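Have a look at the structure below before the remarks.
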2 protein chains.
Amino acid sequence: MKHITIKDLAKTLNVSISTVSRAFNNKYDIKPETRDLILQKAEELGYRPNPIARKLIQQRSFNIGVVVPEFENSFFPKVLMGAQEILHDKGYQVLMMQSNYSWEIEKKNVETLVDNKVDGLIISLTSENKNNSYYKSLIDQNIPIVFFNRTVDDIPASQVLFDDFKWALFATEHLIMQGYQNIVHLKGSENLNLTQNRVSGFQQAHRKHRVKPGKIIPCGFRTKDGERVAQQLIDNNEVPRAIFAANDSCAIGAMNIFKQSGYHIPNDIAMVGFTESNLAKHIHPSLTSVEQPTKDIGQTAANLLLEQIANKGIFVPQTIFLNGRLNVRDSSINHLQKNV
Amino acid sequence: MKHITIKDLAKTLNVSISTVSRAFNNKYDIKPETRDLILQKAEELGYRPNPIARKLIQQRSFNIGVVVPEFENSFFPKVLMGAQEILHDKGYQVLMMQSNYSWEIEKKNVETLVDNKVDGLIISLTSENKNNSYYKSLIDQNIPIVFFNRTVDDIPASQVLFDDFKWALFATEHLIMQGYQNIVHLKGSENLNLTQNRVSGFQQAHRKHRVKPGKIIPCGFRTKDGERVAQQLIDNNEVPRAIFAANDSCAIGAMNIFKQSGYHIPNDIAMVGFTESNLAKHIHPSLTSVEQPTKDIGQTAANLLLEQIANKGIFVPQTIFLNGRLNVRDSSINHLQKNV
DNA sequence: TTATTTACCGGAAACGTTTCCGAAAATTGT
DNA sequence: ACAATTTTCGGAAACGTTTCCGGTAAATAA
């Protein structure tokens, strides 16, 4: 039971290889009857064109590569769903890889994808300044790329972004309006624009409302980062009145430690997270968080990429900002309704 | 700036194509000095062997395909992490695809992967009885496959499984031991062995302890399924004393509705979930759940697959069961310590 | 010294397609 | 009926590798 190729099919039908190829590619210069005949016989014999041979000669694959740092939080999966929806519709298959927050793996992943002649890439970086030049060279090679959320500066590529500055400002403003005075920010991973933007938004909110600048503490994006920092704050006797965390995981980690140590949320410490996680509305108390339009991000990125593939060569990079929402929940509400 | 091929490299070095190939494949019949020379020059010129051409002739890719129903719950991502870890170590790249609970997409995904000559497949099915024969034919074609968690009967393939029957029994037993009398099971998606196994475990627990068989209600795996069924129970005035749910999502959906309607958990209704989610320990009250060894599942599947690839042709399918853990939390504890 | 083995390398076929070019067959116009 | 198109098809080159087969030069054995 050998693998059946285009040659076999051609031979059994007494037509040329080219004709079979024409049938499968729906070319104009083939008689409809012979096309149908060929397709039917192919079905019968179980012939499927070998996409590798096709890729080799066409230098394209109808595959799109997606690389994200992780799949554990629901953020990236949800973005992926959005992208996949659009791409499947247009006949593309989606190959996904996770870099596990390592930019070596990230680069390796992107390289395999490129070597395998994906028609385009959708990427969210683990870190911005490490392989900046690598991505520049990819773009020079005319490979369509769109970045989302975690992107690099000064690069002529399309991007779909979330206005971290604005929403960090809103989130912080919310805390200020609730009357909290001593607010600290748990800062995300270094080397990411979004980290800096959230810091800036946090600061801007303080300036805007003319209150004393809140402290900024390096933390990270994972639950255990939040736990570690919370413990530090307790040990150093520096527990603030409110916390704006880099994301939900970190916020939740901190919350757990505080709760364990007898602090009440929000009465002792108010909390706000970022990038609405599944947990936010279920945890106790429910966590105020900034929600990103995950599905929309994926869809927009996919559309941008398709557009870029269509107009290869003559496209202009676009940067699209999408809107979010601040979901106010119990963790940040000041029940006393006065400054504390 | 054209794409540089093996020919170009050969020409600039005045060696034959074969020699360059030998250098990259680390063959025995090449002088070490020339190998180093070639490799160095390749680095310099930025030459990378085209894996597509290589695949075409070798009929293999050093890629492994993984297909799972979804990435939203953390279960599959965690399994993937485990598998990826092992496979990367052995020089394989991992291509992941999600079927989004549609077996048409699942089949399409598997087909692309196979067409692209992946060396093996790791699969968790969306449904068991739909494309059984399709997977049979793949195995007949000698394509290494290992299934995990959601698998098909009567198929000569390796599988890594979780003993759903046993752990459903344990979970139900736990509820019985806490003294709850009227327990119902929210049953998962149809067409899955694991669903039936969990049902059987639930029933067996009742038999074993000689208590009146608990009711079984078709539900599903998603939060909204749990919400829907909980609402039904309330409307029909059939709220049970305890619930063993098909999984955490469904359990949490039900919990929310019950809480909203003024029921207290566990004092009015006790709850147990399945497949420990991120939420379980953070939700209020924290949810008792059966934890699966996610990472271990992925690693075991990967190792099984590698073994099968190595001994292609002469392997015997193995079925490995991995152990879990029942995490007892607030949602199921009977504070009254008597039968209710 | 010559014969034999070993180390290293080049040529060419092969993998399974697509696509260009030209030619035969069918259709149209005169 | 014949020329001019148009439709349909076949042949062959190309994509970028790997691998088999053979050949030369160096190394070893006799």
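Just so you know, these numbers come straight off a predicted model, no measurement behind them. A note on names: the letters A, B, ... follow the listed sequences, proteins ahead of strands, and every chain is numbered from 1.
Note: CG (Leu37(B)) to P (dC8(C)) measures 15 Å, nearest angstrom. Taking atom CZ of residue Arg60(A) and atom P of nucleotide dT19(C), one finds them 11 Å apart after rounding to whole Å. One interatomic measurement links the two molecules: CD of Gln58(B) to P of dC15(C), which rounds to 14 Å at whole-angstrom precision. Spacing between atom CZ of Arg54(B) and atom C1' of dT19(D) amounts to 13 Å, rounded to whole angstrom units. Look at CD1 on Ile4(B): it is 15 Å from C1' on dT17(D), rounded to the nearest Å. For Leu13(B) and dG10(C), the CG to P distance is 11 Å, given to the nearest whole Å. Protein atom OH of Tyr47(A) is 7 Å distant from nucleotide atom C1' of dG16(C), rounded to whole Å. For the pair Ile38(A) CD1 and dT8(D) P, the computed distance is 13 Å after rounding to whole Å.
Classified by interplanar angle (parallel below 30°, tilted 30° to 60°, perpendicular above 60°), the ring pair Phe71(A)/Phe71(B) is parallel. Ring-plane geometry between Phe148(B) and Phe75(B) is classed as tilted, the angle between the planes lying from 30 to 60 degrees on a 0 to 90 degree scale.
Nearest heavy-atom pair across Leu192(B) and Thr126(B) is CD2-O, 3.7 Å. Minimum heavy-atom separation, Pro69(A) to Leu125(A): CG-O, 3.9 Å. Listed here is the closest heavy atom pair of Leu194(A) and Phe221(A): CD1-CZ, 3.7 Å.
Going from atom CD of Gln84(B) over to atom CG of Asn109(A) covers 6.5 Å, rounded to the nearest 0.5 Å. Within the model, atoms CD of Gln93(B) and CG of Leu113(A) stand 8.5 Å from one another, a figure rounded to the nearest 0.5 Å.
Note on the helix from dT1(C)-dA30(D) to dT30(C)-dA1(D): angle between the axes of the first and last five pairs equals 40°, rounded to 10 degrees.
Taken residue by residue, residues 22-30 of chain B places heavy atoms nearer than 4.0 Å to DNA chain C at Arg22(B), Asp29(B), Ile30(B).
Within a 6.0 Å radius of NZ in Lys136(A), more than 12 heavy atoms belonging to other residues, nucleotides or ligands are found.
Looking at heavy-atom distances under 4.0 Å, Ser18(B) makes contact with a base. Among the protein residues, Thr19(A) comes within range of the sugar-phosphate backbone only, with heavy atoms under 4.0 Å from sugar or phosphate atoms but none that close to a base. Arg48(B) comes within 4.0 angstrom of sugar-phosphate atoms only, judged by non-hydrogen atoms across all strands, and of no base. Across all strands shown, Ile52(A) has no heavy atoms under 4.0 Å from either base or sugar-phosphate atoms.
Place Ile57(B) and Pro32(B) on DNA chain C by their nearest nucleotides, and Pro32(B) ends up nearer the 5' end.
Among dC15(D), dT17(C), dG10(C), the nucleotide with an atom closest to any side-chain atom of Gln59(A) is dC15(D). Side-chain proximity of Ser16(A) to dC15(C), dG10(D), dT18(C): nearest is dG10(D). Which of dC9(D), dG10(C), dT18(C) sits closest to the side chain of Thr34(A) comes down to dC9(D). Here dT17(C) is the nucleotide among dC8(C), dT17(C), dC15(D) with the atom lying nearest to any side-chain atom of Ala53(A). For Ser21(B), whose side chain is taken as the heavy atoms from C-beta onward, the closest listed nucleotide among dC9(C), dT18(D), dG10(D) is dT18(D).
Using a 3.5 Å distance cut-off with no hydrogens or angles, the side chains of Asn149(B) and Gln292(B) do pair a donor with an acceptor.
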Margin query: Go through it in stages, so that I can follow the logic: the residues are Gln318(A) and Glu307(A), the test is side-chain hydrogen bond (donor to acceptor under 3.5 Å, both in side chains), and I'd like the CA-CA distance, side-chain angles, deciding distance and then a yes or no.
Written below: CA-CA 11 Å; Gln318(A) 296 180 55; Glu307(A) 196 182 323; 3.1 Å; yes
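Residue His3(A) places no side-chain N or O under 4.0 Å from the OP1 or OP2 atom of dC15(C).
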